[in-house]
Amino acid sequence: MFDMNVAAMHGGTDALGVPAHDFSTNRNACGPCPMAVKALQAAHVAQYPDPHYTQLLAQLAAFHGVAVERIVIGGSSSELIHRITLHAVRSGAKNVFFPPHHYGDYLQAARVWRLALCRRAEVSTLPALSWACEPSSPLGVQEDIWPAWSKAPSPQEWRGLDCAYRPLWLEGEAPQRSLDGVWQLWTPNKALGMTGIRAAYAIAPVHAAAAELKALRDLAASWVVGSHGVAMLQAWVSDEVQQWLAQSLVTLRRWKAQQLALCAKLGWQVVAGHQANYFVVRLPLDDIAAPLAAMRAQGVKLRDCASFGLPGHARLGVLPPVSQAALERAWLSIQGSLKNAPNDLATPTPHA
């Protein structure tokens, strides 16, 4: 069920500070990328960056093999989600669609601009904005949201594809799709393991008119990305950083296999189909809030999936063995307080 009154929730740092072992975020645990950190250290912080991001736009366009006019710089994926939502509303959108389990900012932006929620992306709901994420969050699976990816959407439809985790695809190869008809959102800070740096960009659909692109850019504040964000995005497209990323995926695959084995040992049911550097588990409890809080007090944080529409589930980013050992210790230490474990757990499915 969609709840328009649910507050946005995020993993990571909270009122207790930075978790010692943070499974609640999906950043690349091999990071921060050393070459990207070096680029940040060399950033010119005494001056404003180029307000038009001329060189950065050219570098991003070349990296993706698209026309430079299609690149739109954003403060973060969240900022772009809100900006694209506002742009769609100003352009006539009345409805919004997103998957049953989804990142909270899609819903938050829809709530702010009072879009009506639709259960399925259908022609009858137009004019509409629809969001998808691949691999999805929180489940980390491949989801076919739109009936025909290669078919251009209606002029009354705005499609946004969150590509935050495509660079962290671990199981098999990311699907080869024609993305010319969708707005692509790219947030390299997750793949680089440096989510404290906020910067992102969108790639506009091929059919986007110059006036539409100008309108979207005009909604942004001046210097929407600062010098450190520019440095990170420029590092992102370099050969050495892409080589580091490829090597990190090998390590993440090994750590993920170990973490999955640990979850099985602890009696946690892993939701099938995960392809990213994170996955979802069903804990052997009816109410997981108190146990997760107890583990957080020990420096181990998991992401409660209740806000994703998956009560009783937690999402775990893949972390190194030392953090996995801390996770096991924290869980075993609270076993005596687990009073309400049911005798029988229904086997969860990717779309439970």
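This is a predicted model, so every value here is computed, not measured.
- Asn189 and Thr195 are not linked by any side-chain donor-acceptor pair at a separation below 3.5 angstrom, with hydrogens and angles left out of the test.
- Looking only at side-chain heavy atoms (C-beta outward), Leu219 and Arg90 come within less than 4.5 Å of each other.
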Could you please spell out the steps behind the side chain to side chain contact (heavy atoms under 4.5 Å, CB included) verdict for Val270 and Val280? CA-CA 6 Å; Val270 177; Val280 169; over 6 Å; no

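- With contacts defined as side-chain heavy-atom distances shorter than 4.5 Å, the pair Leu292/Leu283 qualifies.
- When atom types are taken as modelled, the side chain of Arg315 and the backbone of Ser24 share a donor-acceptor pair closer than 3.5 angstrom.
- Between the side chain of Gln59 and the backbone N or O of Val237 there is no donor-acceptor pair closer than 3.5 Å.
- Placement of Leu310 and Val141 within a single hydrophobic cluster is found when ILVMFWY residues are connected by side-chain heavy-atom separations under 4.5 Å, directly or transitively.
- Of all non-hydrogen atoms in Gly229 and Ala199, the two that sit nearest each other are CA-CB, 3.6 Å.
- Checking side-chain atoms of Arg83 against main-chain N and O of Leu216 turns up a donor-acceptor pair under 3.5 Å.
- Considering only heavy atoms from C-beta on, Phe98 stays 4.5 Å or farther from Cys133 through its side chain.
- Sorted by first then second residue, the salt bridge (charged side-chain N to carboxylate O under 4.0 Å, His left out) pairs that include residues 211-226, not counting sequence neighbours, are Lys214-Asp218.
- Remark: side-chain polar atoms of Asn277 are paired, donor with acceptor, to backbone N or O of Asn26 under 3.5 angstrom.
- How far OG of Ser238 is from CG of Leu233: 11.5 Å, rounded to the nearest 0.5 Å.
- No donor-acceptor pair closer than 3.5 Å links the side chain of Asn28 to the backbone N or O of Gly193.
- Within the model, atoms CZ of Arg159 and CH2 of Trp183 stand 14.5 Å from one another, a figure rounded to the nearest 0.5 Å.
- Residues His64 and Ile203 meet the side-chain proximity criterion, which asks for heavy atoms closer than 4.5 Å.
- In the hydrophobic clustering of ILVMFWY residues, with side-chain heavy atoms under 4.5 Å counting as a link, Met194 and Trp236 come out together.
- The environment of CD in Gln258 is crowded: more than 12 heavy-atom neighbours from other residues, nucleotides or ligands sit within 6.0 Å.
- Note on Ile71: it clusters hydrophobically with Val230, by side-chain heavy-atom contacts below 4.5 Å among ILVMFWY residues.
- A 4.5 Å side-chain heavy-atom check between Gln142 and Pro135 finds every atom pair outside the cut-off.
- Sorted by first and then second residue, the salt bridge (charged side-chain N to carboxylate O under 4.0 Å, His left out) pairs involving residues 243-261 (not counting sequence neighbours) are Glu171-Lys256.
- The minimum heavy-atom distance between Thr85 and Ala109, with the atom names listed, is OG1-CB, 3.5 Å.
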Worked verdict on Tyr53 versus Trp223 for side chain to side chain contact (heavy atoms under 4.5 Å, CB included): CA-CA 9 Å; Tyr53 301 106; Trp223 295 288; 4.1 Å; yes

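- For the residue pair Leu316 and Leu302, the shortest heavy atom distance occurs at CD1-CD2, 3.9 Å.
- Using bins of under 30°, 30° to 60° and over 60° for the plane-to-plane angle, the ring pair Trp186/Tyr201 lands in the parallel bin.
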Residues Leu80, Ser77; criterion side chain to side chain contact (heavy atoms under 4.5 Å, CB included); working and verdict: CA-CA 5 Å; Leu80 284 168; Ser77 63; 5.6 Å; no

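- Of the candidates Leu161, Asp162, Leu179, Leu161 is the only one forming a side-chain contact (heavy atoms from CB on, under 4.5 Å) with Glu134.
- The side chain to side chain donor-acceptor pair (under 3.5 Å) with Tyr103 is formed by just one residue from the set Ser137, Ser307, Ser78, Ser136; it is Ser78.
- Judged by distance alone, the side chain of Gln324 and the main-chain N or O of Trp255 form a donor-acceptor pair under 3.5 Å.
- Put simply, the side chain of His313 never gets that close to the backbone of Arg282: no donor and acceptor are under 3.5 Å apart.
- Taking all atoms of both residues into account, the shortest heavy-atom contact from Glu69 to Leu213 is O-CD1, 3.4 Å.
- Proximity of a side-chain donor or acceptor of Ser323 to a complementary backbone N or O of Leu319 within less than 3.5 Å is not detected.
- Sorted by first and then second residue, the salt bridge (charged side-chain N to carboxylate O under 4.0 Å, His left out) pairs with a member in residues 33-47 form an empty list; sequence neighbours excluded.
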Do Trp331 and Met295 pass the side chain to side chain contact (heavy atoms under 4.5 Å, CB included) test, and can you show the C-alpha distance, the side-chain angles, and the key distance before you say yes or no? CA-CA 7 Å; Trp331 178 254; Met295 294 174 70; 3.7 Å; yes

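- Side-chain contact check for Leu245 versus Cys33: every heavy-atom pair is 4.5 Å or farther apart.
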Counting only pairs under 3.5 Å, give me each side-chain donor-acceptor contact of residues 40-49, with atom names and distances, residues two or more places apart or in other chains.
none

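- Judged by distance alone, with hydrogens and angles left aside, the side-chain atoms of Glu328 form no donor-acceptor pair with the main-chain N or O of Leu266 at under 3.5 Å.
- Trp169 pairs by the ring pair (Phe, Tyr, Trp, His ring centres under 6.0 Å) definition with nothing, not counting sequence neighbours.
- With values rounded to the nearest 0.5 angstrom, Leu170 atom CG is found 8.5 Å from Ser248 atom OG.
- Taking both residues in full, the closest heavy atoms of Ala110 and Val96 are given as CB-CG1, 3.7 Å, listed atom of the first, atom of the second, then distance.
- At a threshold of 4.5 Å between non-hydrogen side-chain atoms, the residues Gln298 and Ser333 count as touching.
- Two residues are said to be in side-chain contact when any heavy atoms from C-beta on lie closer than 4.5 Å; Lys301 and Thr25 fail this criterion.
- Note that CD1 of Ile73 is 4.5 Å distant from CG of Leu57, once rounded to the nearest 0.5 Å.
- Using modelled atom types and a 3.5 Å distance limit, the side chains of His82 and Tyr106 yield no donor-acceptor pair.
- Evaluation of the ring-ring contact (aromatic ring centres under 6.0 Å, His included) test over residues 278-303, restricted to residues two or more places apart or in two chains, returns Tyr165-Tyr278, His274-Phe279.
- To the nearest 0.5 Å, atom CD of residue Gln247 and atom CG of residue Leu252 are 12.0 Å apart.
- One hydrophobic cluster holds both Leu60 and Val241 under the rule that ILVMFWY side chains link at heavy-atom gaps under 4.5 Å.
- When the side chains of ILVMFWY residues are joined at heavy-atom separations under 4.5 Å, either directly or via intervening members, Val300 and Val18 end up in two distinct hydrophobic clusters.
- Taking each heavy atom of Leu129 and Ala88 in turn, the nearest pair found is CB-CB, 4.3 Å.
- Atom CG of Asn95 sits about 11.0 Å away from atom OG of Ser130, to the nearest 0.5 Å.
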